[in-house]
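The structure under discussion appears below in the form of structure tokens.
Atoms within a ligand are numbered from 1 in the order they appear, just like the ligands themselves.
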Amino acid sequence: MNLFHSLRWRLQFWYALLLAIALAGLGASAWQLQRTNQFARIDRELEQRLAIIERASASGALDGPRQGAPGELNLPARDRSIFEGADGRQFYYVVWLRDGKIWSASAGAPPDIRPPERRAGPPAFRSRGELRECFHCTQDGKCTLVGRDIGAELLSGRRSAWMLISIGGALLALGIGGGWWIVARSLRPVAEITATAGKIASGDLSQRIRTPDPKGELGRLSVDLNDTFARLQDAFARQGQFTADASHELRTPLSVILTETQNALSRERSASEARESLEICRRAAERMRRLTESLLTLAKVDAGSVGSGGEICELSRVLKDAADLVMPLAREKSVALDLELETVSCRGNPEHLAQVAGNILGNAIHYNVPGGSVRASVRREGDRAILEVGDTGQGISPADLPHIFDRFYRADTARSGAGSHAGLGLSIAKALVEAHGGRISATSVVGSGSTFVIELPAVDG
Ligand code: ADP
């Protein structure tokens with residue numbers, strides 16, 4: 001992996017860079033502060049001594065100059081010790097006259113000293129190599145300078161700088177090491193996620209990411225990914241099951257057609273026998289056609305090409321038309337069909353809504369008892385259009401009830417019969433209702449009947 005594309009290296013690089021900048025800034029500020037304080041102290045000392053020299057020179061307390069050589073000021077013993085002896089050796093002074101000649105200088109004054117630039121105002125300061133000097137020119141034309149050797153201070157400043165650099169370097173190394181550890185630790189789940197995703201991509205859908213800390217950011221991501229993987233696995237399993245079920249359902253009518261045609265071809269048949277065989281084949285083909293239509297509808301809904309848009313449909317009209325279609329079946333089964341219709345509109349595809357109503361009504365009649373009844377109604381509740389179908393049939397057991405909307409689920413295979421009931425009617429109804437932004441639910445009491453309720457968003461039509 002390219003280092004610049006590695007998250008770990010990029011994090012580490014920026015972290016180290018920011019840490020280095022922060023440490024350098026902190027060290028430079030500390031050093032600058034120390035240096036400023038040191039110079040302020042030195043300048044204060046120089047200023048105090050300048051005042052002493054100026055006072056002494058104004059009072060004319062001068063020992064020199066004599067025979068052209070600069071003389072020394074006749075300072076009081078207390079002040080003299082500042083410029084002499086073991087303590088005072090580092091300080092020196094020089095007093096220049098207006099003509100630039102040295103009027104007075106201490107013994108320790110550097111021989112190459114040059115007069116400062118004359119200017120009015122408060123005392124000023126200058127640095128020359130390892131010397132710091134304070135000077136001031138007065139009205140009478142005298143310029144006084146007091147200086148001292150600051151070599152020791154400069155050396156200690158350099159030492160402090162090196163110390164700060166070493167401490168900063170050590171802290172930086174420590175920070176980088178700690179950062180590396182933290183980054184490696186924090187990114188460990190990413191490596192795990194990548195590895196698991198790789199295994200899943202290569203086909204092992206049962207893999208899951210281990211999440212020791214499900215509350216952290218990456219932990220939450222892992223939990224979400226695991227949920228997605230679980231749903232994927234479930235979807236693949238259902239897909240496989242669906243294909244197996246569909247093939248199974250198609251195999252029966254196909255076998256019927258094959259057997260019937262083989263039988264018919266195997267020997268000479270009378271016209272009525274041939275007609276009977278053809279009738280069996282027609283029924284089998286009819287069943288296959290219905291099944292493939294159902295599969296096609298489900299595929300369309302799954303692909304999202306069935307939407308809630310479309311035209312405004314009068315739901316009571318839809319139910320009435322569906323009821324007319326199932327009426328012959330109701331008569332055949334001796335089931336009474338009552339309708340209670342309110343005018344409610346919803347938006348959608350009338351054919352699909354008719355298919356939903358037809359499926360529910362067809363089931364209510366098919367799974368009913370002779371002499372039973374079906375009550376179907378359409379009404380409006382707030383902003384919802386409700387289509388309700390209740391029957392007095394056999395009911396659905398609590399064990400089957402949660403599964404009746406599953407594809408190819410048949411609660412009672414004996415009663416459903418292998419004929420036209422493949423267990424797709426309710427799953428198609430559910431998929432279509434949901435594609436229209438609605439929902440479908442069922443309640444049932446075994447032995448006394450079931451009620452299916454469809455809720456759709458109502459529109460003012
Ligand atoms: P099918 O094509 O087998 O009727 P459906 O998806 O329409 O499939 O229904 C699934 C199962 O739910 C049926 O097999 C049946 O057992 C049960 N079922 C559906 N509607 C009713 C009902 N009104 N009364 C009792 N059982 C029902």
Requested in this report: Report the part of I396 in contact with ligand 1, treating N, CA, C, O as backbone and CB onward as side chain, heavy atoms under 4.0 Å; options are side chain, backbone, both, neither.
Outcome: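 For I396, the contact with ligand 1 is made by the side chain alone.
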
Requested in this report: Examine the proximity of ligand 1 to S450 and report which part, side chain or backbone, both or neither, has a heavy atom under 4.0 Å away.
Outcome: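 The answer is the side chain of S450.
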
Requested in this report: Kindly write out the residues that satisfy side chain to side chain donor-acceptor pair (under 3.5 Å) with R118, not counting sequence neighbours, or none if the list is empty.
Outcome: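 Here no residue qualifies.
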
**Report entry** For S427, all residues meeting side chain to side chain donor-acceptor pair (under 3.5 Å), sequence neighbours excluded
**Finding:**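 If we apply the side chain to side chain donor-acceptor pair (under 3.5 Å) test to S427, skipping adjacent residues, there are no hits.
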
Any N/O of [X] closer than 3.5 Å to an N/O of ligand 1?
| X | answer |
| --- | --- |
| F452 | no |
| L426 | yes |
| D391 | yes |

Query - R375, CZ atom: more than 12 neighbouring heavy atoms under 6.0 Å - result: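 It does not: R375 CZ has 12 such atoms or fewer within range.
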
**Report entry** Test: R158 cationic atom under 6.0 Å from W31 six-membered ring centre, within 45° of axis
**Finding:**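 No.
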
Please list, in number order, the atoms of ligand 1 under 4.0 Å from a heavy atom of [X].
| X | value |
| --- | --- |
| R410 | 3 (O), 14 (O) |
| A422 | 2 (O) |
| G395 | 25 (C) |

Query - Closest non-hydrogen atom pair between A284 and P253, with its separation - result: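 It is O-CB, 3.4 Å.
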
Query - From S277 atom OG to R275 atom CZ, the distance as rounded to the nearest 0.5 Å - result: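 Going from OG on S277 over to CZ on R275, the span is 11.5 Å.
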
